[in-house]
Protein chains: 4
Amino acid sequence: MRPAQAIMACSLMITELLVSELTVPYHREMPKPKQAAGRPRDGQIDHAIARATREVLAERGYAKLTVDAVAARAGVGKAAIYRRFATKQEMIFAATVHDMEEPPPPDSGSLRGDLAAVCATIADQLGTAAPDVLHGLLADLHGDSALGARFTGTFIERERFVIDTVLDRALARGDLARRPDTAEVHAQLIGPIFFWLMILGGDRDQVPAFSRTVADTVAASLAA
Amino acid sequence: MRPAQAIMACSLMITELLVSELTVPYHREMPKPKQAAGRPRDGQIDHAIARATREVLAERGYAKLTVDAVAARAGVGKAAIYRRFATKQEMIFAATVHDMEEPPPPDSGSLRGDLAAVCATIADQLGTAAPDVLHGLLADLHGDSALGARFTGTFIERERFVIDTVLDRALARGDLARRPDTAEVHAQLIGPIFFWLMILGGDRDQVPAFSRTVADTVAASLAA
Amino acid sequence: MRPAQAIMACSLMITELLVSELTVPYHREMPKPKQAAGRPRDGQIDHAIARATREVLAERGYAKLTVDAVAARAGVGKAAIYRRFATKQEMIFAATVHDMEEPPPPDSGSLRGDLAAVCATIADQLGTAAPDVLHGLLADLHGDSALGARFTGTFIERERFVIDTVLDRALARGDLARRPDTAEVHAQLIGPIFFWLMILGGDRDQVPAFSRTVADTVAASLAA
Amino acid sequence: MRPAQAIMACSLMITELLVSELTVPYHREMPKPKQAAGRPRDGQIDHAIARATREVLAERGYAKLTVDAVAARAGVGKAAIYRRFATKQEMIFAATVHDMEEPPPPDSGSLRGDLAAVCATIADQLGTAAPDVLHGLLADLHGDSALGARFTGTFIERERFVIDTVLDRALARGDLARRPDTAEVHAQLIGPIFFWLMILGGDRDQVPAFSRTVADTVAASLAA
DNA sequence: CGGTAAGCGAGACGGTACGTCGAGTCTTATG
DNA sequence: CATAAGACTCGACGTACCGTCTCGCTTACCG
């Protein structure tokens, strides 16, 4: 096993670890693991809140979602929500983006193929999300640095890691002469899709084709 | 004068027209031009509001801006604001993005050069704006279709026109074999910059270099 | 022994009985006496609750007393409180007024002397209680008929019994020509003291003198 | 005109003054009298709030009155209420006891007659008020010193003034050898009625007769 | 002497009300 | 008429408490 492969294998394991940890629902104040004094939080309620949040979001949109509405629909007191989340935004964040996971794609044998796979996966996620929710969340990140940090840690960092992995592979494979800046690749790869969907309001059906074009372009540019 | 040049010249004139009209401050309900019965609106107040909006925005951020705060700082009644703008968002929109103008860049002689110029201009604008304001505005577009339409008409449509112009030139010049989809070019050109600045929170100093890279990549991809 | 004396003696015995029973702490739902399956209630806790209630009452006042605060200070779970008392008011009632007892005063030989003794005793009790607690309790009686009944049964009825006893003595002694209405005597005797302390916020030091004046006045009025 | 009469006449004028001033509705923050900039408060709303408060009080009782209910019934926003009153208690106070006025009774020619008149008037007021409201208010006075002061200033001070006036008359008339303590007379006169109505839950029909008894007793006691 | 029913501390639960705040509208008096 | 001031309605926010309900333990009595 060559060094690069070893590193990659290790990275994959870390990813698994991170992902599995993060699927445990986020709680405002995690009870200390040593022992659970008092009544433990009801897991049903976590799900009821998340589900209700998504439903209200779908029916009324981000701007018109109210905590009371979520509580009512979940059949839950408002206190149960605020015991879990410090703000409405945290709740929405947890309900919508928290458990997105993107394990790095299987090695397709070429940088171009790998990038296409990454791009397709993320494009799919972006295409699924409601644009108003994403924009609303993005807007609310500013001024709530805690949430901002978690957004970065969840979304951005994970995508970054995937891209890192793909670039490592290409380097190991010899597809790439030198390591490009990950953030630049990230922006060049995802930026166009994001812009197309979220700013231009482009057709979702054309995304797969467009995503392929973008991946090809980036691959070609990196190879040069 | 060849046809393409004629069209372009015409386009430029239309642009000028649009731009000049838009620098007249946006008013909710324009007093009928035939005669101004009663006291005319005070132009000073338009500026006071815009300035106050920008100041409050800078000091407290988009999310914490209140109409009362703007009115107080402008030394103006709230009614004076709502006589001009239907909503808070309109007011902010008018104060921040209203008068951005991008005439198509002078012909640099090559598609690559033109794209680089376009990209640099827009990157500059994007880099100047506060990210929270832009995200806030973007979020508020959903659910206010009037504002959404005006945003598209102002921002998107103008950029699109510029890109169209550049592509037309390239076609006329023979740099391009066939016309690519403008929206796709738009997304590929601006998307990465937008993503870099607004999502990744990337360094602004690196934007010019990155913008050049992006323009080169897109030019190369289109030429192929 | 004449009939009136016999009745009085009997009354006194009943009083003793009532009083002694009531010193057993009030419990919401007394375990059936036939057999105590399971762990018996911890008597320490009764006292801890009562003490904590009084302390919190003294420190924060009636209006700001919370059950959680009492539980915390008593080092006790809220459930232990609600196992004993149906409501917060019951708890406070039990902790503050429950064990007030007023055996009828020894026969002083005259109605005037007896009334003065009764008045002095009750005045002393009233002077000891915090005014906000008493008013709070009084306010909470309305709308909680169970507590209202117990308040009447404990406070009012006992005072009434004492006054009855004193009047019986006076009648037997020949100080009184005919039996006055007990409630009216009660009100005339205690009302002024109550009003002075609880409504006018009068000085406590003057209460003994005032109480004597009142007793004299009432005695004179009854004798006429 | 003898000195005592002159003083009394003067006192009466002051009373009128005080009373007339106090009928202007209490407002949290009185607009400065020099000029009313902005929209003035709507007097209709003052009345609507007071009326709604009284109705809700009558229907649901003091403990179950909510600000939302009052606002809803008055057809008024909660903000309009909180613009006028700092707390719920202030609102209730203003709606219930604010405008009680008791001008000193006409000179009946004797202390006994005057005291009877005073007693009857106050007994009538006390008999009209709902006991739960009065107790609730009394309880809430503690812990809100501002409200406590206003209660004293409104209720107590006014009754005290009336009693003072009556005592002055008796002194001038020669019915009284020396001036008794006003507070003690106050307590002896009103205390029994208050206690009868508010604590013993006595029959209201018997109040007039009882009130006469009390007045007689006090008059006799003072004359001695 | 071991089972079991009830007690216990801790703390989550559904509700309900609080008092605050902001948006957008309306009403004054003044220019 | 436009304006500054500020009151108006509406509706959401996040907090606080109440009285109830689990949890996992501990404790005394009964068989």
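Remember, it's a predicted structure, so these values are computed and weren't measured experimentally. Reminder, nothing fancy here: chain letters follow the sequence lines and each chain counts from 1.
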Exercise for review: Enumerate the residue pairs fulfilling salt bridge (charged side-chain N to carboxylate O under 4.0 Å, His left out) with a member in residues 131-145 of chain C, sequence neighbours excluded, ordered by first and then second residue.
Suggested key: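 Those involving residues 131-145 of chain C do not exist here.
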Please report, rounded to the nearest Å, how far the [atom2] atom of [N] is from the [atom1] atom of [X].
X	N	atom1	atom2	value
D46(B)	dT3(F)	CG	C1'	13 Å
L147(B)	dG24(E)	CG	P	11 Å
I92(C)	dC18(F)	CD1	C1'	12 Å
Q44(D)	dT27(E)	CD	C1'	14 Å

Practice item. List in chain and number order the residues that pass ring pair (Phe, Tyr, Trp, His ring centres under 6.0 Å) with F85(A), two or more places apart in sequence or in another chain; answer none if no residue qualifies. Key: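 Expected list: none.
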Practice item. Sequence neighbours left out, what passes ring pair (Phe, Tyr, Trp, His ring centres under 6.0 Å) with F151(D)? Give chain and number order. Key: F155(D)
Review point. Should the pair D46(C)-R84(C) be classified as a salt bridge under the 4.0 Å nitrogen-to-oxygen rule?
Key: yes
**Study point:** Listed partners of R60(D) passing salt bridge (Lys or Arg N to Asp or Glu O under 4.0 Å), at least two apart
**Key:** none
**Study point:** Annotated protein contacts, base or backbone, on nucleotides 12-18 of chain E with a non-hydrogen cut-off under 4.0 Å, one of B, S, - each
**Key:** BBSB-SS
Exercise for review: Could you list all the side-chain hydrogen bond (donor to acceptor under 3.5 Å, both in side chains) pairs where at least one residue sits in residues 68-80 of chain C, not counting sequence neighbours?
Suggested key: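 Listed once each, the pairs are E55(C)-R73(C), E59(C)-R73(C).
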